[in-house]
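Please read the structure below before turning to the comments.
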Amino acid sequence: MIIFKTAVDRDTNKPLEPPSEFIVKVQDINDNPPEFLHRPYFARVPEMSNVGTSVMQVTATDADDPTYGNSARLVYSILQGQPYFSVESQTGIIRTALPNMDREARQEYDVVIQAKDMGGHMGGLSGTTEVKITLTDVNDNPPKFPQSVYTMSVLEDKVSGEEVGRVKAKDPDQGENGLVSYRLTEGDGLGVFELTTDSQTREAVIKLKKMVDYETKRTYMLRIEGSNPHVDPRFTAWGPYRDEATVKIMVEDADEPPVFVAPSYNFEVEENAPAGTQVGRVHAKDTDVANNPVRYMIPRYTDVEQFFSVNSEDGMITTTRPLDREAQAWHNISVAAAEIGHHQDTKVRVNIRVKDVNDNAPEFATNNEILMCEAITPGKVIETVSAVDKDEMAHRQHFTFSLAPEIAHNHNFSLKDNRDSTASVHVLRKGFSRLTQDVYFLPVEISDNGLPSLSSTQTLTVRVCSCDSRDTILSCNVEPYVLPAGLSTGALIAILACIVILLAIVVLFVALRRQKKEPLILFEEEDIRENIITYDDEGGGEEDTEAFDIATLQNPDGANSFLPRKDMKPELQGALRPGPGSTRGHSVDVDDFIKSRIAEADSDPTAPPYDSIQIYGYEGRDSVAGSLSSLESVTTESDLDYDYLQSWGPRFKRLADLYGTKDYPMNDTDDGEDS
């Protein structure tokens, strides 16, 4: 430290001399302890390192003056971590102090380092720091199986690829130092089992390479080796880095389905063989120790139409009906075998070929028509025919051709067998004409050389065609031509006129039948109505009030206007009328009955006080009830005798005149009520 001083006059305050310089030096004392720059410290060192292997260096600082005394002179020492580690007192370098430190025994160490000033003497200040030291792994441990012998079991029905068991060799090392690879070294199961490694668990997985059979071999032995793929050369002498174990695999019996002695069967049977014909036998056996009896069956989905059946006990396959090779030459079915009382079964393929027999007659290979010109030259071949047979075409199959006996001596065509399963059709004459005959039919007999020989009659169609000078067919259709004799034009016109007249007559007749019939007497200014009254008993018409239009009766002024009829359909149709003889005997009773009815109507206060006109010869317009023959008799011809109406009294005189002898309608008007 530098200080400047000046002497001044107290009275005048003027300097008495130049400024003087004073240097003041502050002497340091040990008042600051050492401090570590980074705390805590972390370090790593491989396990099994040699003694003195450097781990790391720690450094502390002191704020005191290093040039004055020993206040800043530091000395390092280890307070915790012995005897495993040591520290150099001057540099602070930490080193290993023990050989063969094993990570698997202890992995982490907490070391405390002290830094003390004053050169470490008494009275010096100190500071500490913690150092965490971790031992890193090296491959210093070989793999080891926990057991020398492993026992496993597998069912005989397991399929290839299924797992049998697992083993694992333990290696306490970490990472790739602890990886273990496995392999099968020896044993009688090398061809039956295989070994893989689970990438997640690092286990050796034993799997089936092929199926085992309890009845054939029940025990297998395997030798498994586990080794480290990465070996540290520094520790090779500590090897070998591998281990072996023995695996004993026991095969357990399973309830297996029966096994057929053959992988498939091929049989033959002749077509048309009767039902029950033996085709062949399949055989399966139970491979289990129990050796249970086997039953056979044909799954229906393999033989939908049920052509075959199998004996459930001995496996004999038979037909259920005659087979047709031409419909189906091969039958591919399956036969299942199962132990009695068990659901498991096994199936085998059975291929059945239907052997051919000569059961189909030959026929033409094509059914085309033969086209022939009208001006063809006699002796010319117009067609060469061949035949086919649905039966199997053997190399020596041969067909023969001949005309049917009924046309063997015809004068138009001949047939020549070429002895090579073909035949030629020849023309015997000339002068064919389409107008005379345009189509000829030739029945041809075709025979094969089978045993027995079969034949059929096929028909050849020969059509006569029109050709040009080069024998090119122009037309084969039948052309229309004019007959030498025919009707004249006048005759045709007369026939047409007659037809038109007949049609007109028919139309007129129908129109007349449908025309509405007009009444014989019309009263333009009177109420024209017709009420049909249904009498349930003789003379009881007044009691049936439904037959009257009461509105019209109550309003006589509206009678001049047109009112629609209110017809009633008679309840009894075609009632028998009494004969003239019986009616005359009761004429007095009818008259009295009518008089009594009139008296009742006159005394009835509810009856209308005016007359009601009835027209018996008029049917009316558009009656839905149809025509009544008794009222229409005036316009129709009838052979009935109505003279008995004369005996009914004056009330029925008009009716008697109308339907009896006179030919004109009459109106009957009565005071009071209509009869």
Side-chain angles (χ1 to χ4, degrees), residues 47 102-105 107 136-233 235-259 263 286-289 342-347:
E47 64 174 334
D102 191 3
R103 183 200 65 83
E104 288 73 32
Q107 185 174 1
T136 59
D137 184 61
V138 296
N139 190 8
D140 59 338
N141 294 283
K144 184 69 176 177
F145 286 103
Q147 300 172 221
S148 60
V149 178
Y150 293 86
T151 301
M152 302 178 182
S153 62
V154 59
L155 287 172
E156 63 174 337
D157 60 352
K158 296 294 184 180
V159 297
S160 301
E162 291 199 34
E163 182 179 323
V164 178
R166 297 186 175 209
V167 297
K168 184 177 182 180
K170 295 185 178 298
D171 191 329
D173 295 326
Q174 290 181 336
E176 66 176 14
N177 296 322
L179 293 178
V180 180
S181 60
Y182 304 92
R183 67 186 183 95
L184 296 175
T185 58
E186 58 181 342
D188 56 0
L190 294 179
V192 181
F193 302 93
E194 60 183 358
L195 199 65
T196 61
T197 302
D198 190 326
S199 60
Q200 300 295 327
T201 63
R202 307 306 303 173
E203 293 175 312
V205 183
I206 302 174
K207 295 183 179 180
L208 271 177
K209 191 174 183 179
K210 64 180 182 180
M211 294 185 65
V212 294
D213 185 12
Y214 174 81
E215 290 73 25
T216 304
K217 187 174 179 59
R218 303 183 182 182
T219 305
Y220 292 91
M221 299 293 293
L222 294 174
R223 191 75 175 168
I224 299 179
E225 178 188 87
S227 61
N228 290 138
H230 306 286
V231 178
D232 194 333
F235 308 102
T236 303
W238 294 17
Y241 286 86
R242 64 177 182 272
D243 192 21
E244 290 186 346
T246 301
V247 179
K248 184 179 181 180
I249 301 176
M250 311 297 295
V251 180
E252 296 181 354
D253 188 22
D255 185 15
E256 297 178 297
V259 177
D286 182 15
T287 57
D288 295 329
V289 177
H342 295 73
H343 298 291
Q344 289 183 325
D345 63 358
T346 185
K347 298 178 180 63

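We're numbering straight along the sequence, starting at 1. Computed from a prediction, not measured in an experiment: that's the story for all the values here.
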From CA spacing to verdict: side chain to side chain contact (heavy atoms under 4.5 Å, CB included), Thr246, Leu222:
CA-CA 6 Å; Thr246 301; Leu222 294 174; over 6 Å; no
Value rounded to 0.5 Å, distance of [atom1] in [X] from [atom2] in [Y]:
{"X": "Arg223", "Y": "Arg183", "atom1": "CZ", "atom2": "CZ", "answer": "11.5 Å"}
{"X": "Gln174", "Y": "Asn139", "atom1": "CD", "atom2": "CG", "answer": "12.0 Å"}
{"X": "Met152", "Y": "Met250", "atom1": "CE", "atom2": "CE", "answer": "13.5 Å"}
{"X": "Glu203", "Y": "Arg166", "atom1": "CD", "atom2": "CZ", "answer": "5.0 Å"}
{"X": "Glu244", "Y": "Glu225", "atom1": "CD", "atom2": "CD", "answer": "5.0 Å"}
{"X": "Thr346", "Y": "Asp286", "atom1": "OG1", "atom2": "CG", "answer": "11.5 Å"}

Hey, is the main chain of [Y] close enough, under 3.5 Å, to the side chain of [X] for a donor-acceptor pair?
{"X": "Gln147", "Y": "Val149", "value": "yes"}
{"X": "Glu156", "Y": "Ala254", "value": "yes"}
{"X": "Asn228", "Y": "Leu179", "value": "yes"}
{"X": "Tyr241", "Y": "Asp232", "value": "no"}
{"X": "Ser181", "Y": "Pro229", "value": "no"}
{"X": "Glu47", "Y": "Val138", "value": "yes"}

Quick check: closest heavy atoms across Pro143 and Gly226, and the distance to 0.1 Å?
CG-O, 3.4 Å
Closest approach of Lys210 and Gly191, non-hydrogen atoms and distance?
CE-O, 3.8 Å
Neighbour count above 12 (heavy atom, 6.0 Å) for Lys347 NZ:
yes
Are there over 12 heavy-atom neighbours, none belonging to Lys217, within less than 6.0 Å of that residue's NZ?
yes
Taking Lys207 as the fixed residue, which of Val164, Thr196, Val154 is the one that meets the side-chain contact (heavy atoms from CB on, under 4.5 Å) rule?
Thr196
For Arg103, which of Thr136, Asn141, Asp137, Asp140 qualifies under side-chain hydrogen bond (donor to acceptor under 3.5 Å, both in side chains)?
Asp137
Salt-bridge present (Glu194, Lys209; N to O < 4.0 Å):
no
Any carboxylate oxygen within less than 4.0 angstrom of a Lys/Arg side-chain nitrogen, looking at Arg202 and Asp171?
no
With a 4.5 Å limit on heavy-atom distance, are the side chains of [X] and [Y] in contact?
{"X": "Leu208", "Y": "Phe193", "answer": "yes"}
{"X": "Val212", "Y": "Ile249", "answer": "no"}
{"X": "Thr219", "Y": "Val251", "answer": "no"}
{"X": "Asp253", "Y": "Glu215", "answer": "yes"}

Is the Tyr182 ring parallel, tilted or perpendicular to the Phe145 ring (thresholds 30°, 60°)?
tilted
